[in-house]
Amino acid sequence: MIKAMLLHLGSNMWRKKGSESEKHYADAIYRDFLYTQKDEWIKITNSLAEFGFNTLLIDMGEGVQLKSHPELAVEGSWTQEEFKAELERLRSIGLTPIPKFNFSCGHSAWLKDYAYMVGTDIYNKVCRDVVEETIELFGTPEFFHLGLEEEEYGSQKSQPIAITRAPYKKREDALFLFDVCMKKGVRPWIWIDPNTLEAFGGKDIFIETMPKELVISNWYYRFVSPNTIAKGEEPERLKLYEDINSWGFDQIPTSSTWSNNLNSKVTMQYCKERASDSVIGYMTAPWFFTIERYHYALMNDMACFSYAWDDVYGGDDK
Amino acid sequence: MQKPMKAALLHLGSNMWAKKGQPGYHDPIDCDKEVWIKLTNEMARLNYNTLLIDMGEGVQLKSHPELAVEGSWTQEEFKEELERLRSMGITPYPKFNFSAGHSAWLQEYNYMIGSPEYDQVCKDVIEEVIDLFGTPEFFHLGLEEEDEIMQKHYTVAVMRTPKKKMKDALFLMDVCRAKGVRPWIWADEWTVNDLGGEEEFVKNIGKDVLMSNYQYCEVTERELAEGKENSWYKFYTKLGEWGYEQVPTESVWGWHLNSKQAIRYCNERAKGIVGYMMAPWMHTNEDNYYANMLALHNFHYAWEDEMK
């Protein structure tokens, strides 16, 4: 079973170049230099291996210089040689690296000016180029995470320009990206949640039109008590894990310590009981950048997830 | 006390919430000394100057040895630790929570609230601990979360009427004062209501009592701009207006930016601030090592950002 953590190599996801910072999370500003500190990256990934994680989802963004689009790099973006060496090191310590680029209109600041060209041929070409080159760089990974969440206006209203797509357009663009992945033998992977489902046109059309190779990750970060679950009063976002179980997609539920340290345990317990047919693993996403300041935030997230895994799955997680 | 208090609460004892016989009650002690040492060393490195020790069953008391569990520190061991903390620039203060909802450490006495025996035990504990600490400036008495909702999972819930709770609180505070120590309590909206409401609170609770309101949730810039922050946040302002000194308490329990937001809020809008405290609410064991370290670092960075 996949035991994964998402770690930031790139950080230009939320705030486009020229945006003011979000005071809610003041650190998530656009930067012309790579914010990730390599020392911290090494410490965290080594710890992941020690905690028995087997998968690392790398939130790429502007983290690596791309040959097809060198203009997307920032100062300090890793060279491809450096990155390939790192991929080998990760594999040598038992971590399977998987790429992620977020193509949500709300989370693609790494695309720089292309982020404003959604709907154009040039935008589609850039997206294709990035996905194809990255698949080669990773040596044809099993999955490619494409993001695609939080595109509704509410998530973008503090940006100078918010871009949303009609459901049919979002489906069209998503299927285009999925196709790029699948033609290279890679399974596409996306975030899914009630708002994202609505952005796709709703649950029914999502189930009907999306390929079953797609892996989906619902994400819910709060604590819900066993009593509340026993009474059937769990929030819709938690219940979605159970709903997905009957849709025919594989899922990787994603937890976080963003809101509560016990979220991973809640998620795993819930899914083990109600979604085990479709769960192919779990992931934790701390949503803290890979810098020294957040060392303990990242370690705490890793530890909480790992302890939850041990508590819920013990030895029967294979 | 001159410099602002940069404090953290750490658990030595853990038997606050789950009463003896319920899951979550710990015997032996759930404090790992190696983790304690690592955390307190880190506190010193990050220039914390105050440690609030949630004592509970953590130390063997001569007046009431029956309150100890297996592994409770001896007094000699604890005195040595107090000296070590002081040598690192950290002032330790004691906390025993006398809330009916948070005093599982009192074992059977927890069910005797209202009896002279209960009062005697409380007095003995406070007096002995004040001597153990060498007459600290403050003694935290807890006293929050005593309502029915907070105790609904307990086998036996004990709630006091506001009048009784006020009487008992004043008794404990007087025990402290008689030994030259300032009482310190949690002072959130609900606790003030439990004590009879704002008017009774201000009328009866002396201005020497140090207050810690605690609000662990997020407050957005928009809410602040529109004056729509929740009433628990606004309570920091109220406590200051009432003339109390306060140590606002934050946590990573609910929201990781809580320390930063709360410190900024209070610096801008609340009077009487003598410092701030981080309460991770994680027992001091290996499983919670990273959670506790996160809390210490998170608060430290917030302090660095907001207390320039």
Side-chain angles (χ1 to χ4, degrees), chain A residues 5 20-28 40 43-44 47-48 50-51 53 154-155 157-158 221-228 230-231 256-265 284-289 291-312, chain B residues 8 17 23-24 35 38-39 42-43 45-46 149-150 152-154 216-225 229 251-261 263-265 268 278-283 285-306:
Chain A
M5 180 160 170
E20 289 177 1
S21 74
E22 167 63 77
K23 293 186 178 120
H24 180 87
Y25 185 15
D27 209 23
E40 189 59 31
K43 279 188 209 167
I44 296 299
S47 294
L48 281 173
E50 283 165 20
F51 269 102
F53 281 72
S155 289
K157 60 186 176 187
S158 59
Y221 301 151
R222 295 190 186 272
F223 174 74
V224 181
S225 74
N227 274 351
T228 301
K231 288 191 276 187
S256 179
T257 51
W258 183 254
S259 295
N260 190 288
N261 268 4
L262 293 172
N263 172 250
S264 287
K265 188 158 174 161
T284 184
W287 301 116
F288 283 100
F289 297 139
I291 61 172
E292 192 188 333
R293 181 176 173 126
Y294 299 129
H295 175 77
Y296 286 105
L298 295 169
M299 290 302 297
N300 177 57
D301 192 270
M302 188 189 309
C304 288
F305 179 89
S306 199
Y307 296 143
W309 182 283
D310 290 345
D311 285 349
V312 176
Chain B
W17 299 275
V35 174
K38 282 188 205 173
L39 293 178
E42 189 68 2
M43 281 179 66
R45 196 184 73 78
L46 297 174
I149 294 169
M150 297 308 296
K152 66 183 177 191
H153 298 300
Y154 294 164
Y216 303 150
C217 298
E218 180 191 357
V219 64
T220 66
E221 289 290 326
R222 172 176 280 189
E223 282 168 337
L224 286 174
E229 67 272 32
S251 185
V252 290
W253 187 252
W255 173 241
H256 71 98
L257 288 174
N258 174 244
S259 289
K260 192 174 166 98
Q261 290 179 335
I263 292 175
R264 183 182 289 186
Y265 184 92
E268 289 172 2
M278 155 57 67
W281 301 117
M282 298 281 174
H283 296 164
N285 58 37
E286 202 183 316
D287 274 3
N288 293 327
Y289 169 70
Y290 289 114
N292 278 305
M293 286 294 267
L294 163 65
L296 293 177
H297 280 254
N298 179 288
F299 180 83
H300 168 71
Y301 289 128
W303 181 282
E304 295 281 287
D305 288 348
E306 301 299 328

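First the proteins, then the strands, lettered A, B, ... as listed; each starts at 1.
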I'd like to know if the side chain of B:Q261 reaches the main chain of B:V219, judged simply by a donor and an acceptor atom lying under 3.5 Å from each other, with no hydrogens or angles considered. yes
Under 4.5 Å from any heavy atom of chain A - which part of B:E286: backbone
Looking at B:Y290 and A:L298, would you say the former's side chain and the latter's main chain have a donor-acceptor pair under 3.5 Å? no
Which atoms of B:D305 approach chain A - backbone, side chain, both or neither, heavy atom under 4.5 Å: side chain
Give the member of A:R222, A:M302, A:M299, A:R293 that has the highest number of heavy-atom pairs under 4.5 Å with chain B. A:R293
Structural part of A:D301 lying under 4.5 Å from a heavy atom of chain B: neither
Is there a donor-acceptor pair under 3.5 Å between the side chain of B:N292 and the backbone N or O of B:H283? yes
Sub-3.5 Å donor-acceptor pair from the side chain of A:N263 to the main-chain atoms of A:F223, do we have one? no
